[in-house]
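Have a look at the structure below, then the notes.
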Amino acid sequence: MGMWATFRCIVRRDLTLAIRRKSDVFTTLFFFVIVVSLFPLGIGPESDTLRTIAPGVVWVAALLASMLSMERLFANDYDDGSLEQMLLTPQPPSVLVFGKICAHWLVSGLPIVLMAPLLGLQYDMALDALGVLVVTLLLGTPVLSLVGAIGAALTLGLRGGGVLLSLIVLPLCIPVLIFGAGAVEASTSGLGAQSHVAMLGAIFVLALCFSPISAVAALRISIE
Amino acid sequence: MLSVVDLECVRGDRRLFSALNFSLGEGEVLHLRGRNGSGKTTLLRTLCGLSEPEQGEIRWRDEKIGALAEGFCREVLYLGHLNAVKGDLTAVENLSVAAQLDGDDLAETQIWDALQEVGLRGYEDLPVRVLSQGQKRRVALARLLLTTARLWILDEPFVALDSAAVEQLREVIERHVAQGGLVVLTTHQEIEWTSGRVQEIELDA
């Protein structure tokens with residue numbers, strides 16, 4: 001079986017599982033929607049203030065929402081023994097892990113990206129600022145899933161792993177937050193978002209190369 | 001085929017066993033015995049490469065298993081305490097994913113036949129979480145009927161099975177051994193082997 005077939009098999013499996021367990025998907029999305037919607041209610045209808053804080057709020061909420069579902073990336077498979085079976089298959093483990101990360105992003109990251117422009121309207125964001133926000137989320141949320149996977153693999157089977165996971169992963173995601181929120185600000189102030197988006201792209205590629213390999217190494221330690 | 005040389009395993013600070021030597025040839029069953037906590041599961045996990053031994057080496061076809069990696073994985077099937085079946089998937093889906101990842105290209109009819117053989121006819125399309133403990137175990141054991149692996153490593157395979165299923169599993173194992181397969185297993189049940197060469201190792205010693 002080729003790598004592509006392996007990848008498709010694992011993505012299809014995880015998506016099927018996610019569809020049959022919808023509550024997991026919706027908790028992440030609703031958490032994101034609620035956190036983002038709370039700020040305008042708390043701060044008041046001052047549109048200048050709202051426009052300024054919008055990118056930061058959306059990005060922080062996306063970061064926290066992705067942490068919510070991160071813990072379950074490997075935990076369910078670890079608990080029922082599927083994970084050790086996966087590591088015993090003749091397939092390259094990094095492809096399996098990458099497939100799981102992709103499925104996780106499709107379920108938890110993509111809904112956030114799609115929902116963000118709608119929520120941005122509450123902040124009176126301009127149309128092109130919304131466009132930049134979506135582009136940065138599209139590049140940034142996969143990084144959150146990729147980096148989160150390393151943390152999830154490291155904290156597998158630990159008590160209180162969820163908190164530890166956030167402590168490990170959140171600091172690593174600071175660059176994504178800075179360039180993601182910065183891109184929107186740069187675009188509204190007329191500087192152009194190009195350099196920020198390019199940095200995000202670079203971070204994405206870097207995470208893409210190293211995350212599956214590091215996650216596999218971490219899994220092997222956790223499973224022993 | 002499988003040989004273990006001077007193996008030592010440590011769990012936490014405790015040495016479970018050391019200087020363990022044995023070899024297993026085609027068509028042989030190795031029955032590991034020992035009280036709880038004597039290191040049976042650790043030994044099985046080490047044999048299939050999930051854990052690293054403290055010392056010594058495991059050889060498969062005269063090569064260290066670490067060096068074989070993918071080639072060894074293709075020839076070994078491990079069933080642990082955990083069934084490794086997803087509760088939200090049906091029995092057919094579970095087996096089909098497992099077979100695909102094992103690199104076996106199976107027709108769905110083969111999976112249906114295997115499920116029928118383990119007595120799950122009529123349960124194929126139910127999510128596995130609604131099945132009983134013994135039935136879940138049977139789903140996991142149906143993999144034995146579908147796999148092409150030579151070496152089976154079975155950790156307490158008879159647990160949660162009724163006596164008819166125990167008898168059937170014994171037959172499946174004997175059939176595999178008669179075809180030149182190798183089996184390493186642990187069980188606290190007394191199993192009457194009717195054919196095949198059976199070695200026993202006591203880990204308490």
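Chain identifiers are assigned alphabetically (A, B, ...) following the order of the sequence lines, protein sequences preceding nucleic acid strands; residue numbering begins at 1 within each chain.
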Handout entry: Interchain contact, A/Asp79 with chain B, by part (heavy-atom threshold 4.5 Å)
Key = backbone
Exercise for the section: Count the heavy atoms belonging to other residues, nucleotides or ligands that lie under 6.0 Å from CZ of A/Arg20, then report whether that count exceeds 12. Expected result: yes
Problem - From A/Leu87 atom CG to B/Tyr78 atom OH, the distance as rounded to the nearest 0.5 Å - result: 12.5 Å
Exercise for the section: Using a strict cut-off of less than 4.0 Å between a Lys/Arg side-chain nitrogen and an Asp/Glu carboxylate oxygen, indicate whether A/Arg13 and B/Glu93 qualify as a salt bridge. Expected result: no
Practice task
For A/Leu127, look at atom CG and say whether over 12 heavy atoms of other residues, nucleotides or ligands are found less than 6.0 Å away.
Solution key: no
Problem - Close side-chain approach of A/Gln85 and B/Arg143, heavy atoms under 4.5 Å - result: yes
Problem - Non-hydrogen side-chain atoms of B/Val97 and A/Arg12 separated by less than 4.5 Å - result: no
Practice task
Can you see which heavy atom on A/Cys9 is nearest to which on B/Leu101, and at what distance?
Solution key: SG-CD2, 4.0 Å
Exercise for the section: Hey, could you give me the CZ/CG distance between A/Arg21 and B/Asp88, rounded to the nearest 0.5 Å? Expected result: 4.5 Å
Problem - Heavy-atom neighbours of B/Met1 CE exceed 12 at 6.0 Å - result: yes
Handout entry: Minimum side-chain heavy-atom gap B/Leu89-A/Thr16 below 4.5 Å
Key = yes
Exercise for the section: Measure the shortest side-chain to side-chain distance between A/Ser82 and B/Lys86 over non-hydrogen atoms and say whether it is less than 4.5 angstrom. Expected result: yes
Practice task
Tell me, yes or no, whether the heavy-atom count around B/Glu171 atom CD, taken from other residues, nucleotides or ligands under 6.0 Å, exceeds 12.
Solution key: yes
Problem - Part of B/Val85 lying under 4.5 Å from any heavy atom of chain A - result: backbone
Problem - Interface moiety of A/Ile10 toward chain B, non-hydrogen atoms closer than 4.5 Å - result: side chain
Handout entry: Winner by heavy-atom pair count (cut-off under 4.5 Å) against chain B, out of A/Leu83, A/Thr89, A/Asp80
Key = A/Asp80
Practice task
Evaluate whether atom CZ of A/Phe7 has more than 12 neighbouring non-hydrogen atoms of other residues, nucleotides or ligands under 6.0 angstrom away.
Solution key: yes
Exercise for the section: Kindly check if the number of other-residue, nucleotide or ligand heavy atoms within 6.0 Å of CZ (B/Phe158) is above 12? Expected result: yes
Practice task
For A/Phe210, look at atom CZ and say whether over 12 heavy atoms of other residues, nucleotides or ligands are found less than 6.0 Å away.
Solution key: no
Completion exercise
What one should report as the nearest heavy-atom pair of A/Tyr78 and B/Leu82 is O-CD1, 4.3 Å
